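The structure appears right after this line, and notes come after that.
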Amino acid sequence: MSQNLLNKVWDIHKIKTLPTGQDQLFISLHLIHEVTSPQAFGMLGERGLKVLYPERTFGTVDHIIPTDKRERPFDDELAEGMIRALEDNTAKNGISYFGPDSDHQGIVHIMGPELGLTQPGLTIACGDSHTSTHGAFGAIAFGIGTSQIRDILATQTMALSKPKVRRINISGTLKKGVYAKDIILKIIADLGVNGGLGFAYEYGGEVIDNMSMEERMTICNMTIEGGARVGYVNPDNKTYEYLKGRKYAPEDYETAVERWKSLASGKDAEYDDVYNLDVSSLEPMVTWGINPGQALGVGDQIPEDADEQACSFMGFDRGQVLKGTEIDVAFIGSCTNGRISDLRIAAEVVKGKKVRSGVRALVVPGSRSVADQAEREGLHTIFKEAGFQWREPGCSMCLAMNPDKLEKRELCASSSNRNFIGRQGSPTGRTVLMSPAMVAAAAVNGVISDVREML
Ligand SMILES: CC(C)[C@H](C(=O)O)[C@@H](O)C(=O)O
Ligand code: SF4
């Protein structure tokens with residue numbers, strides 16, 4: 001039996017086992033944003049500590065930054081203060097920072113890969129739960145809390161327990177109109193929102209092999225919604241091709257590729273658990289409840305034993321089919337589905353059509369670079385002509401820590417990753433998660449729809 005990637009990368013980065021039983025891990029790359037870093041820098045300052053390896057930390061602004069008006073100071077004083085804190089902290093400590101005016105600004109999990117910072121075999125940490133996204137490149141990437149941000153700033157290491165590894169084999173052929181988002185929603189529905197606790201998920205099989213890097217990112221992104229902090233795909237030629245020539249890709253590229261190849265799980269690698277999923281009959285998925293695991297096919301009925309609280313909050317009945325349910329808002333964006341391929345697919349659905357009157361529809365590119373590319377391709381015009389608002393890059397309505405919020409009981413068809421109560425800014429607002437193509441279809445029809453009927 002050979003080793004899996006997680007074990008190999010872990011061994012390379014492990015400094016020692018601590019008396020607590022956890023391992024002290026060296027962190028190759030540390031990403032920071034405006035929400036979770038200010039306190040950590042404060043803790044560092046209180047102890048008179050310096051950032052040990054400033055060249056290994058990169059910052060950007062995403063959560064709080066408005067996606068419409070970008071003039072400084074921002075209307076929201078809190079947002080202005082937090083962004084200024086990140087600006088001061090990065091400047092003082094010699095950390096690279098991609099601010100509101102930078103060509104590289106974007107949601108931290110979109111920025112890292114597109115700059116080539118995210119590479120196979122790295123340990124990557126960020127004070128953000130969706131850091132698992134970077135696992136798409138064969139990195140071991142996970143979200144951390146404030147005290148761990150402090151530890152990494154001060155020592156470039158942190159304490160962590162090694163997870164077990166569950167291999168998730170995905171086989172079959174996806175039907176037209178069914179996407180990576182549908183697969184990960186299905187996995188979470190099957191294994192549960194806590195099913196991955198204590199595990200890292202290694203995604204593989206023919207469906208993953210055939211996916212683009214962006215699709216792999218969508219899958220890895222939502223790993224944390226299934227309870228696993230780490231989710232990864234073994235690096236392959238697509239990974240190496242994607243990274244080639246990017247700003248921070250290694251100079252000696254051939255040598256790097258050879259090393260990366262050696263890190264992939266062996267064919268006969270050992271796992272603590274294996275889960276097999278055939279996606280041939282998978283339908284476009286939608287969530288009916290208040291966590292991402294409460295999901296079903298768009299034509300399926302809400303189960304008879306569905307959670308009462310979730311149904312009553314959403315205003316849905318057991319046995320109900322969601323197709324045909326009216327929506328108020330359509331949101332295309334987030335670190336799950338705010339990349340260029342997502343916008344291309346959504347634009348294809350809305351091209352030449354109009355957003356249903358009464359529906360508020362937003363497209364928020366995940367990064368400046370996604371926005372620029374979309375504009376070069378004319379996608380923004382397609383969206384605007386259809387009646388979508390075309391915004392500046394950021395997290396936007398994914399979590400509504402900025403002016404983009406649901407109002408009252410509004411129901412939002414959303415390409416984001418969380419449908420928790422209050423997530424999109426209104427305590428009574430409702431979120432139905434789905435793929436960007438499905439959001440586009442819902443925006444045009446004014447009701448939850450099966451995008452396959454429009455392709
Ligand atoms: C604000 C941040 C800490 C949070 C996270 O950790 O994921 C956010 O990005 C989210 O998606 O809920
Ligand atoms: S887009 Fe959403 S999930 Fe991603 S980092 Fe921002 S708030 Fe978190």
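Both ligands and their constituent atoms are indexed starting at 1 by order of listing. Quick caveat: nothing in here was measured; it's all calculated off a predicted structure.
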Practice task
Scan T133, I183, T336, N417 and name whichever one has a side-chain contact (heavy atoms from CB on, under 4.5 Å) with T218.
Solution key: T336
Atoms of ligand 1, numbered as shown, that sit under 4.0 Å from any heavy atom of [X]:
| X | result |
| --- | --- |
| T36 | 3 (C) |
| H130 | 7 (O), 11 (O) |
| D128 | 2 (C), 4 (C), 5 (C), 6 (O), 7 (O), 8 (C), 9 (O) |
| S129 | 5 (C), 6 (O), 7 (O) |
| R423 | 10 (C), 11 (O), 12 (O) |

Within a distance under 4.0 Å of any heavy atom of [X], pick out the atoms of ligand 2 and give their elements.
| X | result |
| --- | --- |
| N417 | 3 (S) |
| H130 | 3 (S), 8 (Fe) |
| R423 | 2 (Fe), 3 (S), 7 (S) |

Problem - Region of D128 engaging ligand 2 - heavy atom pairs below 4.0 Å - result: side chain
Fill in the blank from the handout: Under 4.0 Å between heavy atoms, the region of M401 that gets near ligand 2 turns out to be neither
Return the closest protein heavy atom for [atom] as residue, atom name and distance.
| atom | answer |
| --- | --- |
| atom 7 (S) of ligand 2 | L399 CD2, 3.4 Å |
| atom 4 (Fe) of ligand 2 | C335 SG, 2.3 Å |
| atom 2 (Fe) of ligand 2 | C398 SG, 2.3 Å |

Handout entry: NZ/NE/NH1/NH2 to OD/OE distance under 4.0 Å, K238 and D236
Key = no
[Y] versus [X], side-chain donor and acceptor atoms under 3.5 Å:
| X | Y | answer |
| --- | --- | --- |
| N89 | S37 | no |
| E225 | H130 | yes |
| H33 | D128 | yes |

Fill in the blank from the handout: Closest to atom 1 (C) of ligand 1 (heavy atoms only, candidates H63, E34, H109) is H63
Problem - Shortest heavy-atom approach to atom 6 (Fe) of ligand 2 - which of S396, G106, G366, C395 - result: C395
Exercise for the section: Drop me the distance from L433's CG to L185's CG, to the nearest 0.5 angstrom. Expected result: 6.5 Å
Fill in the blank from the handout: Separation between CG (D23) and NZ (K162), nearest 0.5 Å, reads 7.5 Å
Exercise for the section: Test the R246-Y240 pair against the cation-pi criterion, namely NZ or CZ under 6.0 angstrom from the six-membered ring centroid and within 45° of the ring axis. Expected result: no
Exercise for the section: Determine the interplanar angle of the Y201 and F199 rings, folded into 0 to 90°, and report it as parallel if under 30°, tilted if 30 to 60°, perpendicular if over 60°. Expected result: tilted
Problem - Centroid-centroid under 6.0 Å between F137 and Y242 rings - result: yes
